[in-house]
Amino acid sequence: TNAARASSVGTVPSSSSTATGIVAPVTAGITRLLEGARADGRRRILGIAGGPGSGKSTLAASLAGPQVAVVGMDGWHLANSVLDRLGRRERKGAPDTFDAAGYVAFLRRVRSRAETVWAPEFRRSVEEPIAGALEVTPAVLVVVTEGNYLLLDEPPWDRVRPLLDEAWFLEPDEDVRRARLVARHEHHGRSHAEAVARADGSDAANARLVAATAPRADVVLREPPAPA
């Protein structure tokens, strides 16, 4: 099992694809949430939203520590066999290819520190979620959850935003986001042509949908373009 991934809380690793310009507000934000939870004992939930390839998982992982657990929305992907049966496999990653209601139920349950909560984790090596792979113990003060649709204002996703104590939206330069996405697809076995087709096809459609949700965030973290 994977407990909260250990790293210095609030410090974005130098090897991260996340721009260093957002380190200061990120560090201040996670520190504020931890201090609030320590003061009253109530667990905080931080949501990080953004389009495919925006760097959400990298940023979330950089925040993990003894009192900060990271649980991604992607753990609630429907299984590939289910997507095949429903005829949605080619649209994997779209809002209706997740168990959104199950994700909402997790967020409600994890607000309590009364008991350990186990959560699924999406594994890109098999392109499937693995049940019970992430542990959130009562010692955890902040749960960081990241995903495309945390701020989507349509049922059942509209039930997510009220459960987040704070929501950040990660908005990189568009060329940077697309390049990351193509590289990710190639890393996981797609040819360059296949990677580009996926990035400019279903991923691009999902990104447009997600971009429209940015106004519902408390903070928008913008990254500058990559150096020429």
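Everything quoted here is computed from the prediction, not taken from an experiment.
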Hydrophobic clustering (ILVMFWY, side-chain heavy atoms < 4.5 Å, transitive) - are Val70 and Phe122 grouped together? no

As an exercise, state the distance from OG of Ser81 to CZ of Arg89, rounded to the nearest 0.5 Å. 8.5 Å

Non-hydrogen side-chain atoms of Pro138 and Thr116 separated by less than 4.5 Å: yes

Phe98 side chain reached by Asp74 side chain, heavy atoms, under 4.5 Å: yes

Shortest non-hydrogen contact from Leu33 toward Glu166: CD2-OE1, 4.0 Å

Candidate pair Arg159 and Leu107, rule side-chain contact (heavy atoms from CB on, under 4.5 Å), full reasoning: CA-CA 10 Å; Arg159 288 181 268 162; Leu107 292 176; over 6 Å; no

Side chain Asp99, main chain Leu78, donor-acceptor under 3.5 Å: no

Please check: side-chain N/O of Arg44 versus main-chain N/O of Arg42, any donor-acceptor pairing under 3.5 Å? yes

Cationic N near anionic O, under 4.0 Å, Asp153 to Arg161: no

Is a donor on one side and an acceptor on the other found under 3.5 Å between the side chain of Asn148 and the backbone of Val210? no

With distance as the sole test, does Ser62 use its side chain to make a donor-acceptor pair with the main-chain N or O of Leu59 at under 3.5 Å? yes

Supply the atom-to-atom distance Glu121 CD to Glu135 CD, rounded to the nearest 0.5 angstrom. 13.0 Å

I need the Asp158 CG to Arg216 CZ distance, nearest 0.5 Å. 7.0 Å

Mind checking whether Val104 and Trp76 have side chains closer than 4.5 Å, heavy atoms only? no

Could you tell me whether the side chain of Tyr149 reaches within less than 4.5 Å of the side chain of Val160, counting heavy atoms only? no

Under 3.5 Å, is there a donor-acceptor pair between the side chain of Asp165 and the main chain of Leu46? no

Where Gly75 and Pro129 come nearest, the two heavy atoms and their spacing: O-CB, 3.2 Å

Ignoring hydrogens, what is the shortest heavy-atom contact between Val219 and Leu221? Give both atom names and the distance. CG1-CD2, 3.8 Å

Residue pair Ile48 / Leu63, side-chain heavy-atom distance below 4.5 Å: yes

For Leu134 against Pro120, the heavy-atom pair lying closest together: CD1-O, 3.7 Å

Using only atom types and a distance under 3.5 Å, with no angle test, would you say the side chain of Arg113 pairs donor to acceptor with the backbone of Leu141? no

Using atom types as modelled and distance alone, determine if a side-chain donor or acceptor of Arg111 lies under 3.5 Å from a backbone N or O of Leu163. yes

Would you check if Leu150 and Tyr103 make a side-chain contact, meaning some heavy-atom pair closer than 4.5 Å? yes

Supply the atom-to-atom distance Leu83 CG to His77 NE2, rounded to the nearest 0.5 angstrom. 8.5 Å

Any donor and acceptor pair, going by atom type alone, linking the side chain of Arg222 with main-chain N or O of Glu171 inside 3.5 Å? no

Is there a side-chain contact (heavy atoms from CB on, under 4.5 Å) between Val136 and Arg43 once you walk through the steps? CA-CA 11 Å; Val136 182; Arg43 176 176 287 158; 3.9 Å; yes

Closest approach of Lys56 to Ala49 (non-hydrogen atoms, all atoms of both residues): CD-C, 3.6 Å

CG-NZ distance between Asp84 and Lys92, expressed to the nearest 0.5 angstrom: 9.5 Å

Is it possible for you to say whether Ile130 and Val110 belong to one hydrophobic cluster, with membership spreading through side-chain heavy-atom contacts below 4.5 Å? no

Taking the side chain as everything from C-beta on, heavy atoms only, tell me whether Leu152 gets closer than 4.5 Å to Pro95. yes

Between Glu146 and Ala60 the two heavy atoms that sit nearest each other are CG-CB, 3.8 Å

